[in-house]
Participant: 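Just passing along the structure, written as structure tokens.
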Amino acid sequence: MSEPTSNNAGIAASAAPVNFIHQMINDDVASGKNQGRVHTRFPPEPNGYLHIGHAKSICLNFGTALKYNGVCNLRFDDTNPEKENLEYVESIKASVQWLGFDWQDRLFYASDYFDKLYECALTLINQGKAYVCSLTPEQARLYRGTLTEPGKPSPDRERSVADNLDLFSRMKNGEFADGTYTLRAKIDMASPNINLRDPVIYRIRHQHHHQTGDKWCIYPMYDYTHCISDALEGITHSLCTLEFEDHRPLYDWTLDQLGLPCHPQQIEFARLNINYTVMSKRKLKQLVDEKLVNGWTDPRMPTLEGMRRRGYTPAAIRNFCEMVGVTKSNSLVEVGQLEYCLREDLDATAPRAMCVLRPLKVVLSNYPAEQTDVLRLSRHPKDASMGEREITFTRELYIDRNDFEEVPPPGFKRLTVGGEVRLRGAYIIKCEQVIKDANGVITELHCSCDMNTLGKNAEGRKVKGVIHWVPAALAIPVEVRMYDRLFEHPAPDAAEGDYRDNINKNSLVVLNALVEPSMANTPAEHRCQFEREGYFCTDRFDSKSGALVFNLTIGLKDTWAKQQ
RNA sequence: UGGGGUGUCGCCAAGCGGUAAGGCACAAGGUUUUGAUCCUUGCACACGUUGGUUCGAAUCCAGCCACCCCAGCCA
């Protein structure tokens with residue numbers, strides 16, 4: 001099921017209580033600031049795939065624009081060519097789109113502004129607010145001071161404007177090797193805020209850039225670039241995460257020196273953290289590089305591409321982001337909340353089918369071999385518009401091994417020797433005989449079928465258990481990939497030892513299952529519920545007709561398992 | 001021992017001086033041909049802590065404590 005490319009307008013405006021950012025924007029709109037205009041941006045660096053944490057930022061930025069009738073840009077913060085590439089650019093675009101947001105014609109790159117950024121640097125130099133520094137990284141660190149001691153001025157701090165201009169242009173022209181010079185903003189080496197101790201704003205990097213090729217060998221730094229990019233795009237509210245709070249004075253300083261006509265307001269919010277997973281790009285990349293998962297799109301990854309492949313819906317992710325809210329307090333959200341949102345959406349939208357994960361043969365001794373019943377079962381218990389599917393009932397069937405116990409635990413409602421159970425949508429059967437092989441392994445069950453119970457409960461008799469089944473000769477063999485959480489520890493980052501030591505060895509178990517015949521032509525990326533088991537999605541890349549592959553998206557709530 | 005932040009139920013999170021919203025989780029019932037869904041009910045005399053201001057404080061003030069971020073030529 002490929003997602004309808006819904007545009008922003010298709011996403012309902014938030015019903016959640018206004019968060020602190022929206023309160024600030026409400027005030028701005030009320031006071032006529034920016035003429036009431038609201039313009040945001042989502043600014044990823046293309047150095048990896050987007051993850052669920054980015055979804056929070058995407059929903060916030062695009063959602064805010066939506067709420068205030070404004071617009072939101074997609075801008076790649078591509079100032080460090082060393083870590084970036086086109087694969088990441090493409091993946092990010094696809095993920096934002098998949099989530100349901102539309103940047104229309106507003107796709108930008110910070111690298112679009114390299115010329116303008118260079119001019120601004122010249123302006124700073126001419127104002128005596130920037131200088132070319134020859135300190136090595138090690139020396140610069142020493143000169144910077146510490147958290148409790150002020151820094152010392154670089155020997156180059158008072159270099160003349162003319163010399164600075166000359167040196168900077170030669171940096172640009174490629175006369176110097178990487179690391180020999182930097183351009184620094186001249187602010188305050190004694191500032192208690194270390195970001196203001198003459199931060200580097202340009203460095204030399206003889207590096208090919210995925211957008212600008214080999215045009216540049218000097219690249220601007222984030223702090224210098226971001227505020228100017230925001231201003232050039234007419235951004236009104238620049239939303240970023242908490243770790244940039246200390247950078248805000250630099251953001252403002254830069255724009256103040258330059259006197260640009262637009263001065264966006266930076267507002268910081270807390271990152272999203274979810275338990276039982278890791279969220280840092282460094283670690284996700286490590287999982288990929290060390291082949292601990294099967295690439296960025298592995299269904300166990302918290303990347304949006306991984307979640308998509310797993311079967312998550314964009315709506316579930318959006319609802320989740322709205323549900324957890326936006327604040328400034330660091331939090332660790334339980335995965336259960338994400339899973340709730342997933343089930344909530346899938347329960348309403350996923351058509352039902354039957355799939356036997358661990359097949360156990362059942363022969364109905366009294367059901368005539370030549371007889372069949374063509375049954376019509378609804379695709380959804382509450383949504384008749386989804387229609388019905390056909391399934392043929394036969395003498396030989398398969399049920400799940402977990403639905404039979406020779407020695408049932410108390411409260412067991414499934415099939416037992418001499419016990420009765422309802423076959424979903426069909427008859428009530430009773431187990432008469434258990435067949436085992438030489439090793440004592442159960443190979444087959446012989447049951448009797450109450451022929452008077454199709455579609456009704458005979459003589460007011462009700463059986464407590466209902467189990468699913470597939471017809472033996474007609475069922476379709478499929479591969480089912482059962483996924484579980486990637487980490488066993490609720491906080492892999494905080495756990496003792498390396499986070500990789502907490503990887504769940506059973507996070508992927510492959511099963512050879514049998515699905516009902518109506519699923520024969522299931523297309524890739526189709527979501528459904530296998531009744532009594534969970535929600536599944538045909539693998540976007542590996543599922544082919546004739547060789548279907550289903551990924552477990554999330555199991556149904558299982559209160560029985562919890563009781564055990 | 002510098003600077004910037006944050007602390008309300010197990011987890012998120014409203015609250016913005018007038019006497020603690022909501023969701024998730026959990027528990028107990030009910031419905032059910034999915035042990036699912038759905039429905040009902042319960043679940044903070046208490047807001048990190050200690051003082052203060054006030055008729056009244058989670059909300060204002062002060063001190064203290066805890067946790068997070070910052071010393072990349074990363075973002």
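Note: hydrogens, waters and symmetry copies are ignored here, and every other heavy atom, side chains too, is used.
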Participant: Would you tabulate the side-chain donor-acceptor contacts of residues 325-333 of chain A under 3.5 Å, counting partners in other chains and residues two or more places apart, or write 'none'?
Facilitator:
residue: A:Thr327; atom: OG1; partner: A:Ser329; partner atom: N; Å: 3.2
residue: A:Thr327; atom: OG1; partner: A:Ser329; partner atom: OG; Å: 3.2
residue: A:Lys328; atom: NZ; partner: A:Glu245; partner atom: OE2; Å: 2.8

Participant: B:rC60 pairs with which nucleotide, Watson-Crick or G-U wobble, both distances below 3.5 Å?
Facilitator: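 Across any shown strand, B:rC60 pairs with B:rG52.
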Participant: Considering residues at least two apart in sequence or located in another chain, which fulfil the salt bridge (Lys or Arg N to Asp or Glu O under 4.0 Å) criterion with A:Arg144?
Facilitator: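 Partners of A:Arg144 by the salt bridge (Lys or Arg N to Asp or Glu O under 4.0 Å) criterion come out as none, since no residue qualifies.
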Participant: Check this for me, if you would: do A:Lys430 and A:Glu420 make a salt bridge, where the nitrogen-to-carboxylate-oxygen distance has to be below 4.0 angstrom?
Facilitator: no
Participant: What residues form a salt bridge (Lys or Arg N to Asp or Glu O under 4.0 Å) with A:Lys464, not counting sequence neighbours?
Facilitator: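 Expected list: none.
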Participant: Tell me whether the count of non-hydrogen atoms from other residues, nucleotides or ligands lying under 6.0 Å of CZ in A:Arg271 goes above 12.
Facilitator: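 Open: at most 12 neighbouring heavy atoms sit under 6.0 Å from CZ of A:Arg271.
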Participant: Sequence neighbours excluded, which residues qualify as salt bridge (Lys or Arg N to Asp or Glu O under 4.0 Å) partners of A:Arg379?
Facilitator: none
Participant: Within the 4.0 Å limit for protein heavy atoms, which parts of nucleotides 30-44 of chain B are touched? Write it as a string from 5' to 3', B for base, S for sugar-phosphate only, - for none.
Facilitator: ---BBBSBS------
Participant: Suppose you measure atom P in B:rA44 against the same atom in B:rU6; what distance do you get, rounded to whole Å?
Facilitator: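 Going atom to atom, P in each nucleotide, I get 28 Å.
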Participant: Is a donor from one side chain sitting under 3.5 angstrom from an acceptor on the other, for A:Gln266 and A:Glu268?
Facilitator: yes
Participant: Roughly how far apart, to the nearest Å, are B:rG35 and B:rG42 at atom P?
Facilitator: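 Straight-line distance between the two P atoms is 28 Å.
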Participant: Is a side-chain donor or acceptor of A:Arg248 paired with a backbone partner of A:Asp252 at a separation under 3.5 angstrom?
Facilitator: no
Participant: Between N or O atoms, less than 3.5 Å apart, protein on one side and nucleotides 57-60 of chain B on the other: list the pairs.
Facilitator:
none

Participant: Reading RNA chain B from 5' onward, which residue's closest nucleotide shows up sooner: A:Thr146 or A:Glu45?
Facilitator: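 It is A:Thr146 whose nearest nucleotide is closer to the 5' end.
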Participant: Write down the distance between CG (A:Leu250) and P (B:rC73), rounded to a whole number of angstrom.
Facilitator: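 A:Leu250 atom CG is separated from B:rC73 atom P by 12 Å.
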Participant: Mind checking side chain to side chain donor-acceptor pair (under 3.5 Å) for A:Arg282 and listing every partner two or more places apart, or none if nothing turns up?
Facilitator: none
Participant: What is the nucleic acid contact for A:Tyr181, judged by heavy atoms within less than 4.0 Å: base, sugar-phosphate only, or nothing?
Facilitator: nothing
Participant: It should be established whether A:Arg144 places a side-chain nitrogen or oxygen under 4.0 Å from OP1 or OP2 of nucleotide B:rC70.
Facilitator: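 False: A:Arg144 side-chain N/O out of range (4.0 Å or more) of B:rC70 OP1/OP2.
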Participant: Reckon A:Met221 touches a base, only the sugar-phosphate, or nothing at all at heavy-atom distances under 4.0 Å?
Facilitator: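 Counting heavy atoms under 4.0 Å across all strands, the contact made by A:Met221 is with sugar-phosphate only.
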Participant: Kindly write out the residues that satisfy salt bridge (Lys or Arg N to Asp or Glu O under 4.0 Å) with A:Arg485, not counting sequence neighbours, or none if the list is empty.
Facilitator: none
Participant: Are A:Tyr131 and A:Phe168 near enough that their ring centres are under 6.0 Å apart?
Facilitator: no
Participant: Do the rings of A:Tyr499 and A:Phe487 sit parallel, tilted or perpendicular, given the 30° and 60° boundaries?
Facilitator: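 A:Tyr499 vs A:Phe487 ring planes: tilted.
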Participant: OP1 or OP2 of B:rA75 sitting under 4.0 Å from any side-chain N/O of A:Arg203?
Facilitator: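 Answer yes for this pair, as a side-chain N or O of A:Arg203 is under 4.0 Å from OP1 or OP2.
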Participant: Pick base, sugar-phosphate or nothing for A:Asp246, based on heavy-atom distances below 4.0 Å to the nucleic acid.
Facilitator: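 Base, at least one base atom sits under 4.0 Å.
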Participant: Given the C1' atoms of B:rG48 and B:rC68, what is the spacing between them in whole Å?
Facilitator: 15 Å
Participant: Distance between the P atoms of B:rG63 and B:rA28, in whole angstroms?
Facilitator: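 Straight-line distance between the two P atoms is 49 Å.
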Participant: Among residues 187-195 of chain A, which contact RNA chain B at a heavy-atom distance under 4.0 Å?
Facilitator: A:Pro192, A:Ile194
Participant: Restricting to ring-ring contact (aromatic ring centres under 6.0 Å, His included), what partner residues turn up for A:Tyr109, sequence neighbours left out?
Facilitator: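 For A:Tyr109, the residues satisfying ring-ring contact (aromatic ring centres under 6.0 Å, His included) (neighbours in sequence not counted) are A:Phe76.
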Participant: When all nucleic acid strands are considered with a 4.0 Å heavy-atom cut-off, which category describes A:His247: base, sugar-phosphate, or nothing?
Facilitator: base
Participant: In whole Å, what is the span from the CD atom of A:Glu268 to the C1' atom of B:rA75?
Facilitator: 15 Å
Participant: Can you check the distance between B:rG23 and B:rA57, where both ends of the measurement are the C1' atom (answer in whole Å)?
Facilitator: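 So the two C1' atoms sit 27 Å from each other.
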Participant: Do A:Asp347 and A:Tyr535 touch side chain to side chain, with heavy atoms closer than 4.5 Å?
Facilitator: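 A side-chain contact under 4.5 Å exists here.
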Participant: Find the distance A:Arg248:CZ to B:rG3:C1' and express it as a whole number of Å.
Facilitator: 13 Å
Participant: Any chance you could list the contact pattern along nucleotides 10-16 of chain B? Use B for base contacts, S for sugar-phosphate-only contacts and - for none, protein heavy atoms under 4.0 Å, 5' to 3'.
Facilitator: BBSSSSB
Participant: Identify, with sequence neighbours excluded, every residue that meets ring-ring contact (aromatic ring centres under 6.0 Å, His included) alongside A:Tyr340.
Facilitator: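 For A:Tyr340, no residue satisfies ring-ring contact (aromatic ring centres under 6.0 Å, His included) once neighbours in sequence are set aside.
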Participant: Take atom CD1 of A:Ile201 and atom P of B:rA75, then tell me their distance rounded to the nearest Å.
Facilitator: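 Those two atoms, CD1 and P, are 13 Å apart.
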Participant: Name the residue from A:Asp230, A:Asn195, A:Asp223 that meets the side-chain hydrogen bond (donor to acceptor under 3.5 Å, both in side chains) definition with A:Tyr251.
Facilitator: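 Testing each of A:Asp230, A:Asn195, A:Asp223 against A:Tyr251, the sole residue satisfying side-chain hydrogen bond (donor to acceptor under 3.5 Å, both in side chains) is A:Asp230.
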Participant: Specify the separation, in whole Å, of atom NZ of A:Lys83 and atom P of B:rA75.
Facilitator: 8 Å
Participant: Taking atom P of B:rG72 as reference, at what distance in whole Å does atom CG of A:Leu135 sit?
Facilitator: 13 Å
Participant: May I ask which nucleotide in the shown strands pairs with B:rC67, Watson-Crick or G-U wobble, both distances under 3.5 Å?
Facilitator: B:rG5
Participant: Taking CG from A:Leu242 and C1' from B:rC67, how many angstroms apart are they, rounded to a whole number?
Facilitator: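 That distance rounds to 13 Å.
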Participant: I need the CD-P distance between A:Gln207 and B:rC73, as an integer number of Å.
Facilitator: 17 Å
Participant: Between B:rU31 and B:rC47, how far apart are the P atoms? Round to whole Å, please.
Facilitator: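 42 Å, rounded to whole Å.
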Participant: Whom does B:rA44 pair with, Watson-Crick or G-U wobble, provided both distances fall under 3.5 Å?
Facilitator: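 Across all strands, not a single nucleotide pairs with B:rA44.
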Participant: Using the glycosidic torsion, which applies to B:rG22: syn (within 90° of 0) or anti (everything else)?
Facilitator: anti
Participant: Taking B:rC65 as the reference, what is the distance to B:rC12 when you measure between their C1' atoms (whole Å, please)?
Facilitator: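 My reading of the C1' atoms in B:rC12 and B:rC65 gives 24 Å.
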Participant: Sticking with atom C1', work out how far B:rG29 lies from B:rG17, rounded to a whole angstrom.
Facilitator: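 Looking at atom C1' only, B:rG29 and B:rG17 are 41 Å apart.
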